[in-house]
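Every chain is numbered from 1, with letters handed out A, B, ... down the list of sequences.
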There are 2 protein chains.
Amino acid sequence: LRKVAVLGVGQCKWGMLADRTVHDMIAEVGNAALRDAGVPRNLIEAVYLGNVTGGELCNQYTMGSVAAHALGIPAVPAHRYEAACCTGAIGFREAYLAVANGVYDFVLVIGVEKLNVGDMDRTVEVISRGFDSWEGRIGLLAPSQYALYATAHMHAYGTTREQLAMVAEKNYYHGSLNPDAHMQKRYTVEDVLAAPMISDPLGRHDCSLVTDGAAAVVIGPLEKAKEYNARPIEVLASAVGAETSTTASRESYVSFGSTRRAVEAAYKQAKLGPEDISFVETHDCFTITEIINIEDLGFVPKGEGGAAVQDGYTRLGGKIPVNVSGGLKAKGHALGATGVGQIYEAVKQLRGEAGERQVPNAEVALTHMLGGAPSISTVHIFARGY
Amino acid sequence: LRKVAVLGVGQCKWGMLADRTVHDMIAEVGNAALRDAGVPRNLIEAVYLGNVTGGELCNQYTMGSVAAHALGIPAVPAHRYEAACCTGAIGFREAYLAVANGVYDFVLVIGVEKLNVGDMDRTVEVISRGFDSWEGRIGLLAPSQYALYATAHMHAYGTTREQLAMVAEKNYYHGSLNPDAHMQKRYTVEDVLAAPMISDPLGRHDCSLVTDGAAAVVIGPLEKAKEYNARPIEVLASAVGAETSTTASRESYVSFGSTRRAVEAAYKQAKLGPEDISFVETHDCFTITEIINIEDLGFVPKGEGGAAVQDGYTRLGGKIPVNVSGGLKAKGHALGATGVGQIYEAVKQLRGEAGERQVPNAEVALTHMLGGAPSISTVHIFARGY
């Protein structure tokens with residue numbers, strides 16, 4: 001396998017973007033990534049695009065081709081990926097495999113999602129179709145599923161609602177330092193605990209945001225990358241893991257097998273372990289998810305995720321900062337864009353360009369997405385290639 | 001690159017399948033392909049699934065994971081592809097690349113689509129979102145776009161409505177020999193010409209069918225394939241080409257640049273030319289499309305596609321039989337399944353298992369899909385690997 005690097009990244013402001021279309025978000029982030037990479041666009045050989053709901057909410061399938069056209073490279077093969085919330089990260093992984101294996105040199109990966117289309121009930125119903133449709137009929141949608149996991153974790157390990165709330169408080173704080181984040185406001189633990197209950201024990205502030213957003217990255221072989229960009233970020237590992245797609249048939253309700261499989265493969269590929277990671281972007285679709293994830297990723301022993309956040313271990317300035325971008329909680333969850341947005345954050349941090357939210361001495365980044373029940377996970381590890 | 005083979009194929013009866021769900025179609029074709037391949041399912045390392053409209057029409061995103069679950073291999077990574085009508089073929093190509101490059105050994109590729117959900121107006125509107133959404137607003141949907149191409153072809157080369165009708169008559173005839181085809185009935189050229197006009201010069205019988213269907217194939221490295229199956233079908237070429245995603249910005253209205261780029265790359269990879277191909281499955285979304293395609297694929301000079309069908313050149317028993325499965329016109333067009341269904345047909349023909357529609361002396365098969373305006377094309381070439 002050839003070494004692969006991220007040469008350039010682009011991202012728009014995330015939020016409820018009433019005046020934007022997927023077309024113009026794609027153009028903004030794609031052009032920004034190309035400029036940042038320094039790679040002439042006529043060298044781009046493929047476009048890998050992640051998007052979940054554009055066919056339904058934006059009247060546009062075939063969004064890969066639409067992106068290539070919008071970016072002035074219409075004769076470049078382009079197609080779309082979907083694996084629920086893992087969508088953008090899966091697109092990145094498939095592009096990584098293509099470059100690592102020499103199928104293409106330079107590839108543009110785009111994640112885009114526009115969820116706020118003036119009818120939040122409809123949007124929430126559409127998003128829920130990322131879960132098993134049979135279970136959806138009996139009410140096992142996102143909040144109710146993750147409420148079960150939260151309850152199980154509380155029962156098994158004594159995790160508290162306060163600890164869940166501390167995840168939200170931390171990520172709101174991080175998001176307030178990120179100008180691209182959907183939510184700029186900070187909330188206290190008391191604010192989080194006082195919010196209306198959505199699915200017990202998860203209140204409104206335990207849930208991630210419904211966000212419009214886009215991000216793009218240009219990747220290429222590390223050796224060739226150096227011809228165009230003096231600061232390539234190397235992909236040390238790219239891994240995927242899977243588990244059953246229904247809640248009823250899960251291996252565990254306090255741990256995600258897809259994550260464990262993906263991270264084991266990623267650490268093996270990178271020849272690194274959790275002790276080598278400087279900071280993490282992980283899938284905090286709900287506060288409990290971040291707690292389970294940091295355990296499954298090996299940063300703390302199983303059951304100690306709640307205590308870790310309580311001790312400030314995962315806060316900016318702590319031992320292993322988690323979701324310094326604000327995460328899905330505060331930067332926002334733009335489904336197909338979120339996994340690519342995590343990579344944007346990893347690159348900005350590793351380059352030392354993350355402004356107020358900069359992680360000191362950021363050497364190695366780990367990004368982690370979950371999709372579905374969760375039925376699929378991706379883990380990527382990055383470090384400076386210069 | 002390792003040599004790659006198709007080990008097994010599965011397909012259900014295509015049609016308006018009111019009593020079926022995507023879940024049970026996936027289970028039928030996936031299990032059939034696994035049985036046919038002789039590969040134990042615990043050796044499958046990934047599921048690549050093509051589907052376009054399932055999120056909207058069947059309330060199910062994340063269909064890759066759903067498929068892995070339905071087939072009893074839930075811990076196998078699975079995700080979904082979409083590139084309009086090219087969807088299933090793009091999934092096959094990406095799976096081919098993964099196996100050829102040694103990422104995986106055995107991979108299951110599934111194409112599935114359920115379009116008939118009791119509201120044909122809604123279905124047709126949803127399908128139209130495969131084209132550029134801005135052009136859709138001014139009426140450039142599938143029939144109106146391809147009507148422009150038909151008119152341009154008639155103007156440039158003297159192609160006639162009768163010749164278009166002969167494509168339909170031929171493919172209906174072929175479909176009547178295929179027990180899995182949506183349409184079993186034959187229609188005469190007169191029937192086709194007498195049908196109601198949809199978008200002049202394309203009448204109702206010039207348009208492909210709105211079909212529910214599914215197909216699956218198991219692929220693996222040719223050398224390992226021989227351990228499990230005595231009759232592997234080798235993938236001699238896999239190629240993709242692209243062009244602009246809008247009708248207004250096309251390079252030509254009588255030729256598709258995406259096809260030309262894909263087929264040039266495919267012939268080069270296979271070290272073959274059109275004279276070496278025994279039969280073709282090509283994207284006859286409209287009758288004019290088949291005529292343009294057989295020209296772009298090099299089987300007849302540009303402008304002579306109409307005469308070729310008139311002369312019986314492309315009929316079963318002719319020089320280069322085209323769409324002996326019945327094509328999109330009679331086997332049916334199940335969007336994300338169609339490209340995988342073409343490969344099912346190629347494999348059955350090359351093995352000599354195609355029954356009444358068997359092409360005599362079938363040695364080399366070419367399959368060709370178009371997606372979007374068309375903005376993307378795939379070409380695959382197959383031959384016996386035994």
Side-chain angles (χ1 to χ4, degrees), chain A residues 23 46 51-56 58-70 74-84 86-87 90 94 97-98 100-103 126-134 136 240-246 249 251 257-258 261-262 371-373 375-376, chain B residues 23 46 51-56 58-70 74-84 86-87 90 94 97-98 100-103 126-134 136 240-246 249 251 257-258 261-262 371-373 375-376:
Chain A
H23 301 72
N51 172 266
V52 181
T53 65
E56 179 146 11
C58 305
N59 299 323
Q60 186 68 67
Y61 291 108
T62 331
M63 211 179 283
S65 297
V66 166
H69 178 79
V76 168
H79 53 273
R80 180 170 77 98
Y81 291 84
E82 190 264 314
C86 241
T87 291
I90 283 284
E94 293 290 306
L97 289 175
N101 285 293
V103 177
V126 168
I127 293 171
S128 75
R129 300 176 190 175
F131 302 96
D132 180 85
S133 63
W134 303 101
V240 62
E243 197 189 332
T244 178
S245 68
T246 70
S249 57
E251 300 165 16
S258 58
R261 292 179 188 110
S375 54
I376 188 159
Chain B
H23 301 72
N51 172 267
V52 182
T53 65
E56 178 145 12
C58 305
N59 299 324
Q60 187 68 68
Y61 291 109
T62 331
M63 212 181 281
S65 296
V66 166
H69 178 80
V76 168
H79 53 274
R80 179 170 77 97
Y81 291 85
E82 188 263 316
C86 241
T87 291
I90 282 283
E94 294 289 308
L97 288 174
N101 285 294
V103 177
V126 168
I127 293 171
S128 75
R129 300 177 189 175
F131 302 96
D132 180 85
S133 61
W134 303 100
V240 62
E243 197 189 332
T244 179
S245 68
T246 72
S249 57
E251 300 165 16
S258 58
R261 293 180 186 108
S375 55
I376 188 160

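Taking the side chain as every heavy atom from C-beta outward, A/Asn101 and B/Leu97 never approach each other to under 4.5 Å.
A distance of 12.0 Å separates OG1 of B/Thr62 from CZ of A/Arg129, quoted to the nearest 0.5 Å. Going from atom CZ of B/Phe131 over to atom CG of A/Asn59 covers 14.0 Å, rounded to the nearest 0.5 Å. The OH atom of B/Tyr61 sits 9.5 Å away from atom OG of A/Ser128, with the distance rounded to the nearest 0.5 Å.
Shortest non-hydrogen contact noted between A/His69 and B/Thr246 is NE2-CG2, 3.4 Å. Contact between B/Val52 and A/Arg80 at its shortest, heavy atoms only, is O-NH2, 4.4 Å.
Taking A/Ala84, A/Ser133, A/Pro77 one by one and counting their heavy-atom pairs under 4.5 Å with chain B, the maximum is reached by A/Ser133. Ranked by heavy-atom pairs shorter than 4.5 Å toward chain A, the options B/Thr87, B/Asn51, B/Asp132, B/Ile127 are led by B/Asp132.
When atom types are taken as modelled, the side chain of B/Glu82 and the backbone of A/Tyr81 share no donor-acceptor pair closer than 3.5 angstrom. Not one N or O on the side chain of A/Thr244 forms a donor-acceptor pair closer than 3.5 Å with the backbone of B/Pro74. Between the B/Glu243 side chain and the A/Val76 main chain, no donor and acceptor come within less than 3.5 Å of each other.
Heavy-atom distances place the backbone of A/Ala78, and not its side chain, under 4.5 Å from chain B. For B/Ser249, the part lying under 4.5 angstrom from a heavy atom of chain A is the side chain only. Contact of B/Ala46 with chain A is not made at all, since no heavy-atom distance falls under 4.5 Å.
Applying the side-chain contact (heavy atoms from CB on, under 4.5 Å) test between A/Ser65 and each of B/Ser375, B/Cys86, B/Ser258 identifies B/Ser375 as the sole match.
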